[in-house]
Amino acid sequence: MLGRTHLAIGLATTATIITNPHALPQALITAGISSLMPDIDEEHSLIRRKIDIIPGLPLGFPLLLIADYFLWHYKYFSLLAAILFAVYIGFAYFTKHRGFTHSLAGFATFILILALSDKILLMPAMIGYGMHLIADLMTNAGIELLYPYERRFGFHLFNTGSIIDQSIGLIATFIFFAMLYHNFTGMRIPFRTFTRL
């Protein structure tokens, strides 16, 4: 799926599950990053275009390692979490697309990093990353869910970038804003139901 579709799905799902307006901003940031993180293995993905700075040069790799060091140094990451993050980034940058980062092993590694660090971020990270994997399972390309076993799994419903992909992104965006409205105003979303008389 397109990066923006993954982002919309991750944010919509998070805003639907986490309804506390005080916890929601941090949860949405975490879920947004997590929903894009599996595509860090793809040079032309939304997240890589943002962190590589110069197209074609993997500058995001050393930048993420530097960020990893500072997250450990300032006690946001435990030492084990920092090591796991470095391993995760290494696999992500130097393995093929929809391989390690799109597998149960990649998901477990990413979630373990957060479980060893800031447990408050755990639920939105699981939502964002998990929804990314579920969404990519729907595409014709599928994912290597049981990496390093190279067989791709998927439901083969549509192509990435197709009108269906874009429509799902628009629907998820609508749901996200509707849930934000609901969560921050405390008001019910005004949907009319039609019944037979």
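What's counted below: heavy atoms across the whole structure, side chains too, no hydrogens, waters or symmetry copies.
Here the CG atom belonging to Asn140 is positioned 8.5 Å from the CZ atom belonging to Phe158, to the nearest 0.5 angstrom. For the atom pair CG (Leu36) and OG (Ser45), the distance works out to 8.0 Å, reported to the nearest 0.5 Å. In this structure, Leu7 CG and Leu28 CG are separated by 10.0 Å, a value rounded to the nearest 0.5 Å. A distance of 9.5 Å separates OG of Ser34 from CG of Leu122, quoted to the nearest 0.5 Å. Separating the CG atom in Leu157 from the OG1 atom in Thr139 is a distance of 8.5 Å, to the nearest 0.5 Å. In this structure, Ile47 CD1 and Ile40 CD1 are separated by 4.5 Å, a value rounded to the nearest 0.5 Å.
Using a distance-only test at 3.5 Å, with no hydrogens or angles considered, a donor-acceptor pair links the side chain of Ser162 to the main chain of Asn159. For Thr109 (side chain) and Ala105 (main-chain N/O), a donor-acceptor pair under 3.5 Å exists by modelled atom type. For the pair Thr13 (side chain) and Gly10 (backbone), a donor-acceptor distance under 3.5 Å is absent. Put simply, the side chain of Ser117 gets close to the backbone of Ile113: a donor and an acceptor are under 3.5 Å apart. Under a 3.5 Å cut-off, the side chain of Gln26 and the backbone N or O of Leu121 do not form any donor-acceptor pair. Looking at Asn183, its side chain does come within 3.5 Å of a backbone N or O of Met179 through a donor-acceptor pair.
Between Ile9 and Ile168, some side-chain heavy-atom pair lies under the 4.5 Å cut-off. Taking the side chain as every heavy atom from C-beta outward, Ile89 and Asp68 never approach each other to under 4.5 Å. Looking at Thr101 and Thr95, their side chains never come closer than 4.5 Å, going by heavy atoms from C-beta outward.
Checking each of Arg98, Lys96, Arg151 against Glu144 for a side chain to side chain donor-acceptor pair (under 3.5 Å) leaves exactly one that passes, namely Lys96.
For residues 91-124, the set of pairs meeting the ring-ring contact (aromatic ring centres under 6.0 Å, His included) definition, not counting sequence neighbours, comprises Phe61-Tyr93, Phe61-Phe94, Tyr88-Phe100, Tyr88-Phe110, Phe91-Phe100, His97-His102, Phe100-Tyr147, His102-His132, Phe107-Tyr129, Phe110-Tyr129.
Across every non-hydrogen atom of Ala8 and Thr173, the tightest pair is CB-OG1, 3.5 Å. Closest of all the heavy-atom pairs between Phe153 and Leu146 is CZ-CD1, 3.7 Å. Across every non-hydrogen atom of Gly99 and Asp41, the tightest pair is N-OD2, 3.8 Å. Of all heavy-atom pairs spanning His22 and Asn20, the tightest one is N-OD1, 2.8 Å.
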For Leu170 and Thr5, run side-chain contact (heavy atoms from CB on, under 4.5 Å): C-alpha distance rounded to whole Å, both residues' side-chain angles, the deciding distance at 0.1 Å, then the answer. CA-CA 8 Å; Leu170 284 172; Thr5 304; over 6 Å; no
Could you walk me through whether Ile175 and Thr16 pass side-chain contact (heavy atoms from CB on, under 4.5 Å), step by step? CA-CA 8 Å; Ile175 292 169; Thr16 302; 4.2 Å; yes
Derivation and outcome, side chain to side chain donor-acceptor pair (under 3.5 Å), residues Asp165 and Thr160: CA-CA 6 Å; Asp165 182 347; Thr160 298; 4.8 Å; no
Report the C-alpha separation of His6 and Asp136 in whole Å, then their side-chain angles, then the decisive distance to 0.1 Å, and conclude whether the side-chain contact (heavy atoms from CB on, under 4.5 Å) test is met. CA-CA 9 Å; His6 282 304; Asp136 275 352; 3.0 Å; yes
Is there a side-chain contact (heavy atoms from CB on, under 4.5 Å) between Arg48 and Asp39 once you walk through the steps? CA-CA 8 Å; Arg48 282 283 291 274; Asp39 281 342; over 6 Å; no
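By the 6.0 Å contact criterion, CE on Met123 is open, its count of non-hydrogen atoms from other residues, nucleotides or ligands being 12 or less.
In the hydrophobic clustering of ILVMFWY residues, with side-chain heavy atoms under 4.5 Å counting as a link, Leu2 and Phe174 come out apart. Both Phe77 and Val87 are part of a single hydrophobic cluster, where members link through side-chain heavy atoms under 4.5 Å apart. With hydrophobic clusters built from ILVMFWY side chains whose heavy atoms lie under 4.5 angstrom apart, Ile120 does not share a cluster with Ile18.
Between Trp72 and Tyr69, the ring planes lie tilted relative to each other; the angle falls in the 30° to 60° range.
Residues satisfying the salt bridge (charged side-chain N to carboxylate O under 4.0 Å, His left out) test with Arg152, not counting sequence neighbours, are none.
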